[in-house]
2 protein chains.
Amino acid sequence: METKLSLNHKTVVIGPHQPFVVIGERINPTRRKKLAQALAQGDFRLVQEEAQMQVQAGAHVLDVNTGVAGADEAALLRGAVTAILEVVSVPLCLDSANPSALEAALAVYPGKALINSTTAEEKMMETVFPLVKQHGAAVIGVITDERGVPATPQDRLRVAARLLERAARYGIPAEDVIIDPLALTVSADHNAARITLDSISLIVKELGVNINLGASNVSFGLPDRKIINVAYLALAISRGLSTAITDPTVPEIQTTLLACDLLMGRDPYSGRWIKAFRQREKAALQARQEQ
Amino acid sequence: METKLSLNHKTVVIGPHQPFVVIGERINPTRRKKLAQALAQGDFRLVQEEAQMQVQAGAHVLDVNTGVAGADEAALLRGAVTAILEVVSVPLCLDSANPSALEAALAVYPGKALINSTTAEEKMMETVFPLVKQHGAAVIGVITDERGVPATPQDRLRVAARLLERAARYGIPAEDVIIDPLALTVSADHNAARITLDSISLIVKELGVNINLGASNVSFGLPDRKIINVAYLALAISRGLSTAITDPTVPEIQTTLLACDLLMGRDPYSGRWIKAFRQREKAALQARQEQ
């Protein structure tokens, strides 16, 4: 199944036989004081810089979160979207739990956006799915409902199926719902990541939908988190992960994702691998010359 | 299914719920001129150094290959095994295509060794399986037969099943046959790695045996091979790989394998991850102090 996102005439396709799609996570004020301050003042220059930097580093889509305590999120999300589209041309992932903010941003977005996210809670689905349908968007469906995160892969499959079934009632096709099976922290439960990996296998096999992970939560509370996060992406890709919200400016993440594409048969003639290697070599040479 | 290797009273268990087992690959004169020269002169000091270095770096088992053109391989393999066991205490993987060399080494090996390897070629199985049975060893069964490497996962499953069936005729249980589904080079065929990954899933599901890969062949002919090899290990572990012949002295390999154990639910309380992190910190501190 393929999820197509677009911005004007530019399309990004997420799917099992497509190169892995990186959704840049950096436009998010959570734990980023400078960005939060700039946003609170309605200053989008830092947002624009982050957008350019992430696209240059290889992001195919950009997540946009403007949740700052006390600020008008609708105005900020709309403003950020407009500012970002002045400097880059990639589809956006509108990241908010606030329906008015989503609505305001969707109104100025020229194409098919990704909405991040709805859970399987009835109230949330009733709010988000009409917006998705009305604006012809796609949506990330997070596997958690009124009772929290299901414990087993089988229960997570059931919640994923419910998300698709409810979406269908609103006329949203399954390919426009990307399932997020949630990465809980492995330091709190040593089986947390394994259960998520098994959930990915099961959901891909039974429902055939695309899978997204916000991959960095898994390593919370542990040292050397980057190594864990990179390994987790590879483990999940092997099970069918087709996109992730992650930081493309971390070189190890980019190179591992390219290596996974190469090894999963999505890089004919090793073309993208070799091209990226030459770019790294060129950048390293320039850095040496500038010293 | 669990494969138990031993040296005297020390046992290493390979299995789906066990920490990943690293078989150190460095005692092998192929493409290592200095080691080949030392071996040709019957000098095992370098072999001993490599053994100590690999065990220190985290190898659980050591592969021992003494194939040097023109030398008496039986004497060399027996000599190397004896020399290695003077300095380290881990089970060994005897790596030779020469039955006399395997026999000579098995005769002096105190425990249950791993034999690397037999293919599914009838003549080879007729030679190797009696040795495995006679010495109570385990064996790596490589998925290639008289017609070469099967093209599809289904055909590789059939060859794996034949290896197990022939081994059983000699009284060798399935748990003592570790299947190697072969990693061909992805630069020659962009689907090569994906087919091997799918073969691992299928063989683990249908036969339940342990899987080994010699993981570095996959990246032959490409730049930045280390990144590819590390990603390949993670992708394969996600499918059920339980051991690999690889280089434990490469830090990225060791840390990724530990991260994979952590994420696959094989590191309760993150204990091994945190311990290894502290060791890395301590080593880095010592290195700075020595400067």
Side-chain angles (χ1 to χ4, degrees), chain A residues 17 183 185-198 200-201 215 218-219 221-241 251-252 254-274 276-278 280-281, chain B residues 17 183 185-198 200-201 215 218-219 221-241 251-252 254-274 276-278 280-281:
Chain A
H17 306 295
T185 64
V186 81
S187 59
D189 171 5
H190 75 277
N191 283 317
R194 191 180 54 73
I195 289 168
T196 298
L197 292 170
D198 290 346
I200 295 174
S201 301
V218 76
S219 61
L222 289 171
D224 271 351
R225 293 184 62 178
K226 192 167 67 181
I227 303 170
I228 302 172
N229 294 345
V230 169
Y232 191 51
L233 280 171
L235 293 171
I237 285 170
S238 200
R239 302 297 185 98
L241 184 76
E252 291 86 344
Q254 263 308 326
T255 53
T256 295
L257 292 176
L258 283 166
C260 287
D261 272 346
L262 176 74
L263 294 163
M264 295 290 286
R266 302 172 195 147
D267 187 5
Y269 307 105
S270 317
R272 291 168 59 233
W273 180 258
I274 291 167
F277 166 73
R278 288 194 184 134
R280 286 197 296 278
E281 270 204 319
Chain B
H17 306 296
T185 64
V186 79
S187 59
D189 171 5
H190 75 278
N191 284 316
R194 191 180 55 73
I195 289 168
T196 299
L197 293 170
D198 290 346
I200 294 174
S201 301
V218 75
S219 60
L222 290 172
D224 271 350
R225 293 184 63 178
K226 192 167 65 181
I227 304 170
I228 302 172
N229 294 346
V230 169
Y232 192 51
L233 279 171
L235 293 170
I237 286 170
S238 200
R239 303 297 185 98
L241 185 76
E252 291 86 345
Q254 262 309 322
T255 53
T256 295
L257 292 176
L258 283 166
C260 287
D261 272 347
L262 176 74
L263 294 163
M264 295 290 285
R266 301 172 195 149
D267 188 5
Y269 307 103
S270 317
R272 292 168 59 233
W273 179 257
I274 291 167
F277 167 73
R278 289 193 183 134
R280 288 196 296 276
E281 271 203 318

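A quick note: this is a predicted structure, and the numbers were derived from the prediction, not measured. Note: hydrogens, waters and symmetry copies are ignored here, and every other heavy atom, side chains too, is used. Lettering follows sequence order; numbering is per chain, from 1.
- Comparing A/Ser219, A/Gly221, A/Ala234 by heavy-atom pairs within less than 4.5 Å of chain B, the highest count is held by A/Ala234.
- Between chain A and the options B/Glu252, B/Arg266, B/Arg280, heavy-atom pairs under 4.5 Å are most frequent for B/Arg280.
- Proximity to chain A is limited to the backbone of B/Asp267, based on heavy atoms less than 4.5 angstrom apart.
- Both the backbone and the side chain of B/Thr255 come within contact range of chain A, each with at least one heavy atom under 4.5 Å from a heavy atom of that chain.
- The part of B/Leu197 that comes within reach of chain A is its side chain, from C-beta onward, which places non-hydrogen atoms under 4.5 angstrom from that chain.
- In this structure, chain A has a heavy atom under 4.5 Å from the side chain of B/Val218, while its backbone stays farther away.
- A distance of 11.0 Å separates CD1 in A/Ile228 from OG1 in B/Thr256, rounded to the nearest 0.5 Å.
- Put simply, of A/Ser201, A/Ala193, A/Pro223, the one with the most heavy-atom pairs under 4.5 Å next to chain B is A/Pro223.
- When all heavy atoms are compared, the tightest approach of A/Ala259 to B/Ile227 is CB-O, 4.2 Å.
- Considering all non-hydrogen atoms of both residues, B/Leu235 and A/Ser238 come closest at O-OG, 2.6 Å.
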**OP:** Test side-chain contact (heavy atoms from CB on, under 4.5 Å) on A/Leu222 and B/Leu262 and set out the steps.
**Re:** CA-CA 11 Å; A/Leu222 289 171; B/Leu262 176 74; 3.9 Å; yes
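- Minimum heavy-atom separation, B/Met264 to A/Arg239: CE-NH2, 3.9 Å.
- Heavy-atom distances place the side chain of B/Phe277, and not its backbone, under 4.5 Å from chain A.
- In terms of heavy-atom pairs under 4.5 angstrom with chain A, the leader among B/Asp198, B/Ile274, B/Asn191, B/Asp224 is B/Asp224.
- Put simply, of B/Ala188, B/Ser270, B/Ala192, the one with the most heavy-atom pairs under 4.5 Å next to chain A is B/Ser270.
- Residue with the most contacts toward chain A among B/Ala236, B/Ala231, B/Cys260, B/Pro268: B/Pro268 (heavy-atom pairs, distance under 4.5 Å).
- Both the backbone and the side chain of A/Ser187 come within less than 4.5 Å of a heavy atom in chain B.
- Looking at A/Arg278, neither its backbone nor its side chain comes within 4.5 Å of chain B, counting heavy atoms on both sides.
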